[in-house]
Trainee: 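One structure, pasted below without further comment.
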Amino acid sequence: MKENYVQHVQLPSGVVHVYAAPELFKTLDYQIFQMANNNLQIPNQKFMSYTPDVHVGVGTCIGTTAAWQTHDGYVSPSIVGSDIGCGMRVHMTNVHKDELKDVKLRRKLVKTIEKYLPVEDHARGHFSDVRLEHVVTKGLHGLPKKYIPDGYTPRKATSLTHVECSKFTLDENVLNRFPNAVWHRSHRQLGTLGNGNHFAEIQAIEIAEENREVAEAWGLFDGQVVVMIHSGSRAWGGSVSQVSSSDMVKVMRTLGLGTADPKLLFVPLEHQAAQTYVHLMYSALNYAVVNRHLIAYAIREAGKDVFGSKFEMTTLYDLMHNYAWEEKQEGESYFVHRKGATRSLPAGHPDNPQPYMHTGHPALIPGSMGTASYIMVGAPGGKANFHSICHGAGRIRSRSATKKLITLNEFAASMRVGTDEEIVVNQKSLEAILDESPQAYKDVDQIIESVVGADLAQVVAKCKPMAAVKGAK
């Protein structure tokens, strides 16, 4: 029964709907309910929920969906997150996993990717001819044509159509807030991963039999090698958050707004500070989708070096999981926030991109580095949760706790180091990324079970990792 997978938790300030199997619900940190109670004190809120990967964040938990009616709503940078537009992208290749059985070839592929995709935190990307002002105002449409690899074959093109949003329109005057140093740093970072939990992963898929027809309509096949990318808006999004936070603290003080958590920021949508933030946020969403696109472009070039000129890497989908925007539901306009939550629309929903109108679009859910990731599609029951599902496995321990509790041998065993099934990583030492070991995260299979059990989405394919590229600190 799907009712077993959602708990409607009554708190002093309102109700938070928690989507999690009973066993998973019992393990949730009590702090998430304290944070929910603060969040529910924001005026006029119509809905708030947690996905099963929920964990404590700054001001608001990661795994939150919150909605207001647009006419009297609020916007909260805390319920968007500092890495604005952080999200996922998957590309389909014409390579079968058997072609990558040799661990030496996987190592060669990873090394070649590093040639095109800088992984050091302060390294410059390889896209200095891209104009940053075009990126942040026009999104993917601001790129030079040479970076749209399928732009010369419009009928087969997916780069601009198989995305959640290719361009956010904004008032360009708000961009005058940023000093030259921000523009310079953000330009350098175009086409780079960043560190932490950001990655590019080479995976092999297994199609879920119950959704084979959907998978094949999307172009997926068993054993297919896909590329999954997780990254966001880098320094540009961080600067938006920094500038906006300072503005909102002043406005909240003037309006007498606040909760027990001083890090929970919010202002009425009608206020000028809110409108400025929204437009700045849209510029960061434009940056983020372009950044993932350019990372994929770099990996495509590496793939051609390794597999030859016939290597293909077609866009399956690109989506965000840190953002806020307007959505329609049952004729009403809502301003919906998602922080660490993924929109997953079912077949026939009018907001689906045209290529996915009849199937629903792919929802891309990463696991941890040594575990499977998932490609899903929205289910009808998702309407009760504003069509939000999880955004990953969700951390169970902090980075510092992981380093204290997990040994390098345990990490190496989870990555199957020294075997033919080794998940090849670009880092010379696993110690450098110990805080990103699978043991730092919840069991992604349990998370997916909760999503499916609640009728929020269905599994289309399981993606097993073969190699991973992580950013260095």
Side-chain angles (χ1 to χ4, degrees), residues 83-93 95 109-110 112-119 123 125-127 135 139-140 143 147-150 158-160 162-166 189-205 220 224-234 237 285-303 311-323 340 342 361-369 372-376 391-393 423-426 433 436 461 463-472:
D83 190 3
I84 300 167
C86 183
M88 305 300 305
R89 170 175 281 253
V90 167
H91 283 250
M92 304 176 289
T93 77
V95 175
L109 177 58
V110 165
T112 308
I113 289 173
E114 281 193 299
K115 188 171 81 172
Y116 290 94
L117 179 63
V119 294
H126 297 307
F127 303 99
V135 167
L140 290 174
L143 285 172
Y147 295 122
I148 307 293
D150 52 13
T158 60
S159 292
L160 301 177
H162 290 53
V163 294
E164 191 166 33
C165 187
S166 61
Q189 289 183 344
L190 270 173
T192 62
L193 281 170
N195 55 34
N197 63 355
H198 293 162
F199 65 83
E201 199 164 271
I202 311 301
Q203 305 169 336
I205 70 166
L220 299 171
Q224 184 178 28
V225 172
V226 297
V227 178
M228 179 175 278
I229 295 164
H230 177 210
S231 193
S233 53
R234 307 291 278 119
L285 297 180
N286 281 335
Y287 186 108
V289 68
V290 169
N291 191 47
R292 288 189 293 272
H293 176 95
L294 291 176
I295 290 169
Y297 184 92
I299 295 172
R300 180 186 288 105
E301 295 301 297
F311 176 74
E312 295 176 4
M313 220 172 97
T314 307
T315 310
L316 175 67
Y317 202 54
D318 181 287
L319 54 75
M320 314 164 287
H321 50 230
N322 281 0
Y323 64 105
T342 305
H361 66 81
L364 314 173
I365 310 300
S368 58
M369 194 162 28
S373 297
Y374 287 85
I375 299 173
M376 307 186 77
H391 87 305
I423 302 166
V424 175
V425 185
N426 63 312
I433 51 173
E436 279 297 309
C463 311
K464 295 190 173 181
M466 302 181 77
V469 176
K470 298 284 290 183

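From a predicted model like this one, the values you see are computed outputs, not experimental measurements.
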Trainee: Check side-chain hydrogen bond (donor to acceptor under 3.5 Å, both in side chains) between His293 and all other residues, then give those that pass, not counting sequence neighbours.
Mentor: none
Trainee: Is any side-chain heavy atom of Cys165 less than 4.5 Å from a side-chain heavy atom of Val289?
Mentor: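 With C-beta onward as the side chain, the pair stays apart.
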Trainee: Return the set of residues passing side chain to side chain contact (heavy atoms under 4.5 Å, CB included) with Glu114 (not counting sequence neighbours), or none when no residue passes.
Mentor: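 Counting only residues at least two positions away or on another chain, Glu114 forms a side chain to side chain contact (heavy atoms under 4.5 Å, CB included) with Val119, Asn426.
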Trainee: Would you say Val469 and Ile299 make side-chain contact, with heavy atoms under 4.5 Å?
Mentor: no
Trainee: Taking the side chain as every heavy atom from C-beta outward, state whether Thr93 and Val226 have any atom pair closer than 4.5 Å.
Mentor: no
Trainee: Less than 4.5 Å apart, any side-chain heavy atom of Leu316 and any of Thr314?
Mentor: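 No. Closest side-chain heavy atoms not under 4.5 Å.
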Trainee: Please report the closest heavy-atom contact between Leu319 and Ala363, naming both atoms and the distance.
Mentor: CD2-CA, 3.9 Å
Trainee: For the residue pair Leu143 and Leu294, establish whether any side-chain heavy-atom pair is separated by less than 4.5 Å.
Mentor: yes
Trainee: With sequence neighbours excluded, tell me which residues meet side-chain hydrogen bond (donor to acceptor under 3.5 Å, both in side chains) with His198.
Mentor: Asp83
Trainee: Can you spot which of His321, Glu164, His391 makes a side chain to side chain contact (heavy atoms under 4.5 Å, CB included) with Met88?
Mentor: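 Of the listed residues His321, Glu164, His391, the side chain to side chain contact (heavy atoms under 4.5 Å, CB included) partner of Met88 is His321.
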Trainee: Please collect all salt bridge (Lys or Arg N to Asp or Glu O under 4.0 Å) contacts where either partner lies in residues 288-297, sequence neighbours excluded, each pair once.
Mentor: Arg292-Asp318
Trainee: Nearest heavy-atom pair of Ile84 and Ala288: which atoms, and what distance?
Mentor: O-CB, 4.1 Å
Trainee: Tell me the closest heavy-atom pair linking Ala461 and Leu220, and the distance in Å.
Mentor: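 Minimum heavy-atom contact is CB-CD1, 4.4 Å.
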Trainee: Please report the interatomic distance CZ(Phe199) to CE(Met228), rounded to the nearest 0.5 Å.
Mentor: 6.0 Å
Trainee: Do the non-hydrogen side-chain atoms of His230 and Cys86 ever get within less than 4.5 Å of each other?
Mentor: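 In contact.
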Trainee: About how many Å separate CG of Asn195 and OG of Ser231, when rounded to the nearest 0.5 Å?
Mentor: 10.0 Å
Trainee: Quick check: does any side chain N or O of Asn322 sit under 3.5 Å from a backbone N or O of Gly340, one acting as donor and the other as acceptor?
Mentor: yes
Trainee: Within this structure, what is the NE2-OH distance for the pair His361 and Tyr317, rounded to the nearest 0.5 Å?
Mentor: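 Between His361 NE2 and Tyr317 OH, I get 4.5 Å after rounding to 0.5 Å.
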Trainee: Who pairs with Tyr374 by ring-ring contact (aromatic ring centres under 6.0 Å, His included), at least two apart in sequence or on another chain?
Mentor: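 By the ring-ring contact (aromatic ring centres under 6.0 Å, His included) rule, Tyr374 matches no residue at all.
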Trainee: Check side chain to side chain contact (heavy atoms under 4.5 Å, CB included) between Thr315 and all other residues, then give those that pass, not counting sequence neighbours.
Mentor: Arg89, His91, Thr158, Ser159, His162
Trainee: What's the shortest heavy-atom distance between Tyr147 and His126, and which atoms?
Mentor: OH-O, 4.3 Å
Trainee: With sequence neighbours excluded, tell me which residues meet side-chain hydrogen bond (donor to acceptor under 3.5 Å, both in side chains) with Tyr287.
Mentor: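 Result, side-chain hydrogen bond (donor to acceptor under 3.5 Å, both in side chains) vs Tyr287: none returned.
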Trainee: Is the shortest heavy-atom distance from the side chain of Leu364 to the side chain of Ile375 under 4.5 Å?
Mentor: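 SC-SC contact between Leu364 and Ile375 confirmed.
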Trainee: The criterion is salt bridge (Lys or Arg N to Asp or Glu O under 4.0 Å); which residues satisfy it with Glu436, sequence neighbours excluded?
Mentor: Arg395, Arg399, Lys470
Trainee: Identify, with sequence neighbours excluded, every residue that meets side chain to side chain contact (heavy atoms under 4.5 Å, CB included) alongside Ser368.
Mentor: Thr371, Pro438, Tyr441
Trainee: How close do Gly191 and Pro118 get, heavy atom to heavy atom, and via which atoms?
Mentor: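 Looking at all heavy atoms of both residues, the closest pair is O-CD, 4.3 Å.
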Trainee: Any side-chain heavy atom of Val225 sitting closer than 4.5 Å to one from Ile202?
Mentor: yes
Trainee: Which residues pass the side-chain hydrogen bond (donor to acceptor under 3.5 Å, both in side chains) test with Tyr297, sequence neighbours left out?
Mentor: none
Trainee: Quick one: list whatever passes side chain to side chain contact (heavy atoms under 4.5 Å, CB included) with Pro465, sequence neighbours left out.
Mentor: Glu201, Ile423
